[in-house]
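Residue numbers start at 1 and run along the sequence shown.
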Amino acid sequence: MVHHLPSLFQRKFKVILCFLLLLALLVHMVLDLTLSTGLDSCGCTRKGEDQPSPVLSAQNKLNLRILQDFSGSNSSLEKGVHSPEGVPHAGSRSNIPLQSHNFEPKEAEEKPTWTGRSKLAALFDHPLYKIPIPKVMKKDKLFATRPKVKMFVRSSNEWASNNKAHEKLPKHDANPAWLRFYTGINRYELYARHDPARLATMEDLAMQPIISSVQKPGGTQLKLIMTFPNHGQALFKPMKQTRDQETPADFFYFSDFERHNAEIAAFHLDRILDFRRIPPVSGRLVNITKEIRDITTDRKLFKTFFISPAGNVCFFGVCSYYCSTEHALCGKPDQLEGSMAALLPDKELADRRSWRSPWRRSYSKTKKAQWESDEDYCAEVRQTAPYDNVSRLLNLIDMTVLDFLMGNMDRHHYETFDKFGNDTFFLHLDNGRGFGRHSHDEMSILVPLQQCCIIKKSTFMRLQLLATEPYRLSDVMRESLATDQLSPVLAEPHLKALDRRLQKILDMVEDCMKKSGESQEVLINDLKGQQYTSSELRDKRSSAA
């Protein structure tokens with residue numbers, strides 16, 4: 001009996017050890033199940049407004065953080081700094097398997113990222129964001145009848161004529177997102193508040209394979225036109241600066257870099273202000289080798305590619321400024337961030353008219369524009385067509401508010417759809433020079449508001465709402481931008497600057513009301529029959545402060 005004790009003890013020890021391991025495994029599974037259930041039921045996801053749902057893998061997230069840590073130079077290449085050892089570079093975005101999504105109209109969801117309550121969902125659920133537009137008649141639609149896809153495919157595109165594999169749309173792309181986005185454009189809005197086509201378009205911008213990349217002709221800086229298999233196209237602006245790099249104070253506004261993250265942030269800000277006049281924009285990580293160099297049919301662009309001494313793939317293109325080896329765009333080793341903006345319908349199908357802004361800057365290092373020295377300049381503008389129509393001037397003030405919030409001094413022209421004449425919204429295009437300096441508020445941008453002292457009542461009330469704690473502008477912007485693949489899109493000081501600039505706009509409007517003595521002369525009422533008044537929102541803002 002004594003002889004068998006060791007073997008008996010060993011068998012019992014093994015049984016006990018196996019039992020403990022099994023118990024630990026069960027506890028681990030129960031904890032995982034409890035945590036996942038808790039996240040689903042914590043109220044962190046509430047119904048409200050859809051957000052794009054492209055998902056990065058954990059490795060791609062890690063690589064993206066490395067790629068965002070670029071130098072403060074003009075190029076995206078940081079000299080002498082490489083990726084940490086043992087960390088592989090992210091693969092091509094087009095190699096990520098696409099998930100099938102159903103974009104039928106449905107109740108959407110906001111997905112907050114840091115609190116249990118979504119301020120963004122609450123904002124879009126506010127009555128001020130449910131004001132209906134006038135009834136859209138057939139004449140008010142950009143396309144009165146549903147156009148066929150092939151009418152949008154220009155025969156001059158080399159890829160369309162040379163690549164027979166893409167001459168016909170796949171069956172599942174018979175109604176692509178970009179076509180649904182186009183058919184939703186009308187006299188009053190570029191897209192509806194809860195339009196599923198906007199979400200689907202942003203999903204395409206972030207995830208669709210790229211089959212063609214050519215340089216956009218004209219312009220002062222490098223931009224590319226990307227084409228997708230479903231015939232959709234996007235304007236790609238590559239990363240030139242880090243998020244925390246401010247524009248030097250000695251830089252003139254017309255010689256500043258265009259920032260890819262400014263294009264992304266401008267779209268989200270435009271939507272939060274309920275203007276909805278910027279086409280959908282999404283951030284994207286592009287493989288320079290596979291998604292630009294190897295598939296381009298642009299010979300001039302192709303000749304500008306090279307391998308840097310650090311072993312990174314670089315290119316610089318052909319343009320008026322900053323297209324040289326000294327300002328080359330370089331990957332890590334071939335991954336590059338950029339903004340992907342949906343292109344509007346071709347002008348041959350939906351012509352657009354370009355208007356020179358009355359408050360256009362001189363674009364001279366020494367000469368000033370008339371509005372800079374004439375305090376009564378607005379009175380002259382209001383007597384000149386088309387600004388003798390107050391609605392046209394009010395739309396320009398809306399654009400001024402947007403530009404001041406993001407610090408954009410480069411609004412020399414704006415566009416409208418020619419079909420709608422003078423009675424339509426402005427297209428807020430080309431916002432790459434916004435969000436350059438968070439430490440400076442350029443008050444000259446607000447001169448149209450200061451001189452004319454008029455603003456839409458709906459715009460002013462939304463600004464008041466965004467100044468209250470439950471709907472704080474910086475918070476809702478942070479939450480909205482968190483859905484982008486390149487998040488964080490803006491450095492925190494830029495988000496804080498939004499709140500500061502918002503308060504300066506409100507103060508300027510209130511000064512106008514004090515000077516006129518009649519708020520009706522400043523706040524042009526476009527909210528007839530609405531239940532909220534400006535004074536009510538002002539009282540809420542004061543109590544919150």
Check step by step if side chain to side chain contact (heavy atoms under 4.5 Å, CB included) holds for I264 and L490. CA-CA 9 Å; I264 302 169; L490 289 179; over 6 Å; no

Tell me, please, whether Y129 has R462 positioned over its six-membered ring: NZ or CZ under 6.0 Å from the ring centre and within 45 degrees of its axis? yes

Rounded to the nearest 0.5 Å, how far apart are OG of S487 and CG of L481? 7.5 Å

To the nearest 0.5 Å, tell me how far L224 CG sits from L235 CG. 8.0 Å

To check you understand the geometry: which heavy-atom pair defines the closest contact between A266 and M406, and what is its length? CB-SD, 3.7 Å

State, with a plain yes or no, whether a side-chain heavy atom of R259 is found less than 4.5 Å away from one of R243. no

Salt bridge check: are K237 and E337 linked by an N-O gap of less than 4.0 Å? no

Pairwise distance CG(L429) to CG(L344) - rounded to 0.5 angstrom: 6.0 Å

Distance-minimising heavy-atom pair for S282 and L205: CB-CB, 3.9 Å

All pairs passing salt bridge (charged side-chain N to carboxylate O under 4.0 Å, His left out) where residues 488-499 contributes a residue, at least two apart: R478-E492

Which heavy-atom pair separates L222 from K240 by the least distance, and what is that distance? O-NZ, 3.8 Å

Please lay out, stage by stage, how K223 and E263 fare under the test salt bridge (Lys or Arg N to Asp or Glu O under 4.0 Å). CA-CA 12 Å; K223 296 177 280 289; E263 293 286 357; over 6 Å; no

Just do the salt bridge (Lys or Arg N to Asp or Glu O under 4.0 Å) check on R277 and D270 with the steps written out, would you? CA-CA 7 Å; R277 299 163 196 172; D270 180 82; 5.7 Å; no

Within the distance-only criterion (no hydrogens, no angle test), does the side chain of T424 pair as donor or acceptor with the backbone N or O of R187 below 3.5 angstrom? yes

Taking every non-hydrogen atom, the tightest pair across L427 and Y414: O-CB, 4.3 Å

Do H412 and S357 have side chains that get closer than 4.5 Å, going by heavy atoms? no

Spacing of M409 atom CE and D403 atom CG [to the nearest 0.5 Å]: 10.5 Å

Close side-chain approach of V286 and P238, heavy atoms under 4.5 Å: no

Looking at every heavy atom in both T416 and F425, which two are closest together, and how far apart are they? CG2-O, 3.6 Å

Apply the test side chain to side chain contact (heavy atoms under 4.5 Å, CB included) to residues L498 and L502: give CA-CA distance (whole Å), side-chain angles for both, the deciding distance (0.1 Å), then the verdict. CA-CA 6 Å; L498 289 173; L502 173 59; over 6 Å; no

Quick one: does F315's side chain get under 4.5 Å of I288's, heavy atoms only? yes

Candidate list N431, I272, V281, test side chain to side chain contact (heavy atoms under 4.5 Å, CB included), partner F267, passing option: V281

For a 4.5 angstrom cut-off between non-hydrogen side-chain atoms, does L396 reach F426? yes

Looking only at the aromatic ring of each residue, does the gap between the centers of Y471 and H126 stay below 6.0 angstrom? yes

Could you walk me through whether R284 and L486 pass side chain to side chain contact (heavy atoms under 4.5 Å, CB included), step by step? CA-CA 7 Å; R284 181 159 179 163; L486 299 185; 5.9 Å; no

Would you call D125 and K130 a salt bridge, using N to O less than 4.0 angstrom? yes

I'd like to know if K457 pairs up with D526 as an ion pair, taking the criterion as any Lys NZ or Arg NE/NH1/NH2 lying under 4.0 Å from an Asp or Glu carboxylate oxygen. no

Minimum heavy-atom separation for A234 and F228, please, with both atom names. CB-CZ, 4.0 Å

So do the side chains of F404 and M443 get within less than 4.5 Å of each other, counting heavy atoms only? yes

Using 0.5 Å steps for rounding, measure from the SG atom of C330 to the CD atom of Q335. 13.5 Å

If you measure from the Lys or Arg side-chain nitrogens to the Asp or Glu carboxylate oxygens, is any gap between R193 and D195 under 4.0 Å? no

Please check if the side chain of R500 supplies one atom and the backbone of H438 the other of a donor-acceptor pair under 3.5 Å. yes

Looking only at side-chain N and O atoms, does E479 offer a donor or acceptor that is under 3.5 Å from a partner on S118? yes

Strictly distance-based, threshold 3.5 Å: is any side-chain N or O of W178 a donor or acceptor partner for the main-chain N or O of N230? yes

For the residue pair H268 / S480, report whether a side-chain donor-acceptor contact shorter than 3.5 Å exists. yes

Would H440 and E442 satisfy side-chain hydrogen bond (donor to acceptor under 3.5 Å, both in side chains), going step by step from the backbone distance to the final call? CA-CA 6 Å; H440 174 70; E442 183 54 53; 2.9 Å; yes

Identified salt bridge (charged side-chain N to carboxylate O under 4.0 Å, His left out) partner of D398 from the options R411, R276, K456: K456

Could you check if a side-chain atom of P229 sits within less than 4.5 angstrom of a side-chain atom of Q208, using non-hydrogen atoms only? yes

Determine whether the side chains of D334 and N312 contain a donor N or O and an acceptor N or O closer than 3.5 Å. no

Point-to-point distance, once rounded to the nearest 0.5 Å, from CG of L495 to CG of L473: 8.5 Å

Run the side chain to side chain contact (heavy atoms under 4.5 Å, CB included) test on Q503 and D507 for me, step by step, so that the C-alpha distance in whole Å, both residues' side-chain angles and the decisive distance to 0.1 Å come before the verdict. CA-CA 6 Å; Q503 186 59 52; D507 291 342; 2.9 Å; yes

Would you say that L402 contacts I278 through its side chain, given a criterion of any heavy-atom pair below 4.5 Å between the two side chains? yes

